[in-house]
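Everything below concerns the one structure shown next.
Convention: sequence-line order gives letters A, B, ...; per-chain numbering from 1. The structure displayed is predicted, hence computed values, not measured ones.
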Protein chains: 2
Amino acid sequence: MAEKTRTPKSARTRAALLEAARELFAERGYVKVTVRDIAAKAGIDPAMVIRYFGSKDGIFADAAEFNLELPDLRGVARNSIGEALTRHFLSIWDSPDAGLPVLLRSASTNELANARMREIFNKQIRTALEAIAGPDEAEQRAGLVSSQLLGLAVCRYVLKLPPVVRMSKEQLVKTIGKTLQQYITGRLPR
Amino acid sequence: MAEKTRTPKSARTRAALLEAARELFAERGYVKVTVRDIAAKAGIDPAMVIRYFGSKDGIFADAAEFNLELPDLRGVARNSIGEALTRHFLSIWDSPDAGLPVLLRSASTNELANARMREIFNKQIRTALEAIAGPDEAEQRAGLVSSQLLGLAVCRYVLKLPPVVRMSKEQLVKTIGKTLQQYITGRLPR
DNA sequence: CTCGTTTATCAACGTCCGTTGACTTCTAAT
DNA sequence: ATTAGAAGTCAACGGACGTTGATAAACGAG
């Protein structure tokens, strides 16, 4: 026990609040979670949420922050990019404190969540695809890829459609991956 | 001017409230619309909402009611089922008083919306697919179809991703239709 | 121990919302 | 014209929520 806790007490309660917030936001979405809920789950006074994060929007912004570490697609064999992307997102969505699940639940009611979601699925994926497709085509391909990835997320994590929940990760990687592959390297309609 | 208005006055205000409710719920979602908003938009007293629909949940239930008239897929050439389905849903989503847009916006925060959505995309689509696929396979295929259709809807109507919004209906029918076709008649992974 | 600073507690304010009930106005049949 | 019932108006209640400020407790440096 060389060192116990060098962190100031405040940092620990701040972290506890943030963790509670992430879990609640991820499972109920922005509007159905109250500041009092977060504080109660963390065993802390609701006023602390305001003290440390300024407002409910403030703690949501922090809870929804994260780095979408998109793999560098140039390091992946051209014909397995679709599967790689699918596997990557399924992994992210299964980790409950990743921020992306938080956004997913709140994108339809919270402006910030909506904006960040659009940023990810319009800019980040597009940038990643530009490494292997023409810049003009990249955006449209990114849109198609987004539609399938987001639909998978909605069905599996929000709506919890039985057949989509039941399918294994590898089944999904194969099936959805094949679709993404088509969207990324296949022909586009005029 | 043979007949002016045979409908009782009550039916007209009821209809006005319902129309206002549908528009508001479709564009903001359940939680961001208040009973007072609906009444104001219809130029009617908020108390009338309770009088005619019982509660906010009551008017939402009515606003979100609709018949998903799935086309009989047996009447469609086997290799153009995917395109037919895509075209059908795009048409439904573009009509603002269809109920389905209402559900789409509220599925993440309202229990009833969530349940109806699951009903449509798990039961109705599955039933339609059973006409052309084995009953055991039909459910899984319906899940995959749902994931792509819902993702398209989220990107185009909720998130409004530029490339997905920009694509024409026929472009989408071709591209997304091809994916659905694969999910309906293609091979499934083990 | 003392004292200034950080951290936490508590009660309350102001607002917004769904819902209610008392009351007025309108309508139509006798 | 009278009157019963339907339709609409209005103010208010009760509760939940985000947020605040005053106050107390815990802590660390001197």
>> Students often get this wrong, so: under 4.0 angstrom with heavy atoms, is Tyr52(A) touching a base, only sugar-phosphate, or nothing?
In response: sugar-phosphate
> Charged N to carboxylate O under 4.0 angstrom, Lys174(A) versus Glu83(A)?
Replying inline: no
> When you measure from the side chain of Ala47(A), which nucleotide among dC10(C), dT19(C), dA8(C) comes out closest?
Replying inline: dC10(C)
> Going 5' to 3' along DNA chain D, which nucleotides are the first and last within contact of chain B (any atom under 4.0 Å from a heavy atom)?
Replying inline: dA7(D) to dA12(D)
> To the nearest 0.5 Å, how far apart are NE2 in His88(B) and CD1 in Ile81(B)?
Replying inline: 14.0 Å
>> In whole Å, I'd like the distance from the CG atom of Asp37(B) to the P atom of dT19(C).
In response: 14 Å
> Once you round it to whole Å, what is the distance between C1' of dT9(C) and CD1 of Ile50(A)?
Replying inline: 15 Å
>> Taking the side chain as everything from C-beta on, heavy atoms only, tell me whether Arg22(A) gets closer than 4.5 Å to Leu18(A).
In response: yes
> DNA chain C: Asp57(B) or Ile44(A), which has the more 5' nearest nucleotide?
Replying inline: Ile44(A)
>> Assuming nearest nucleotide by heavy-atom distance, tell me which of Ser55(A) and Arg51(A) is located more 5' along DNA chain D.
In response: Ser55(A)
>> Let me check something: do Phe89(A) and Leu144(B) share a hydrophobic cluster, defined by ILVMFWY side-chain heavy atoms less than 4.5 Å apart, either directly or through other members?
In response: yes
> Would Asn122(A) and Arg126(A) count as having a side-chain donor-acceptor pair, cut-off 3.5 Å?
Replying inline: no
>> Between C1' on dT24(C) and CE on Met48(B), what's the gap in Å once rounded to a whole number?
In response: 12 Å
> Considering the terminal five base pairs at each end of the helix from dC1(C)-dG30(D) to dT30(C)-dA1(D), what angle separates the two local helix axes, rounded to 10°?
Replying inline: 10°
> How many Å lie between CD1 on Ile59(B) and C1' on dG18(C), as a whole number?
Replying inline: 13 Å
> Which nucleotide sits closest to the side chain of Asp45(A): dG18(C), dA12(C), dC10(C)?
Replying inline: dC10(C)
>> What is the distance, to the nearest angstrom, from the NZ atom on Lys32(B) to the C1' atom on dC17(C)?
In response: 15 Å
> Which atoms form the tightest heavy-atom contact between Phe25(A) and Ala63(A), and what is the distance?
Replying inline: CD1-CB, 4.1 Å
>> Is it the case that atom CD in Glu111(B) sees more than 12 heavy atoms from other parts of the structure closer than 6.0 Å?
In response: no
>> Whole angstroms only, please: what is the CZ-P distance between Phe60(B) and dC17(C)?
In response: 18 Å
> Is the count of non-hydrogen atoms from other residues, nucleotides or ligands lying under 6.0 Å from Lys169(A) atom NZ greater than 12?
Replying inline: yes
> Taking atom CZ of Arg14(A) and atom CE of Met48(A), what is their separation to the nearest 0.5 Å?
Replying inline: 13.0 Å
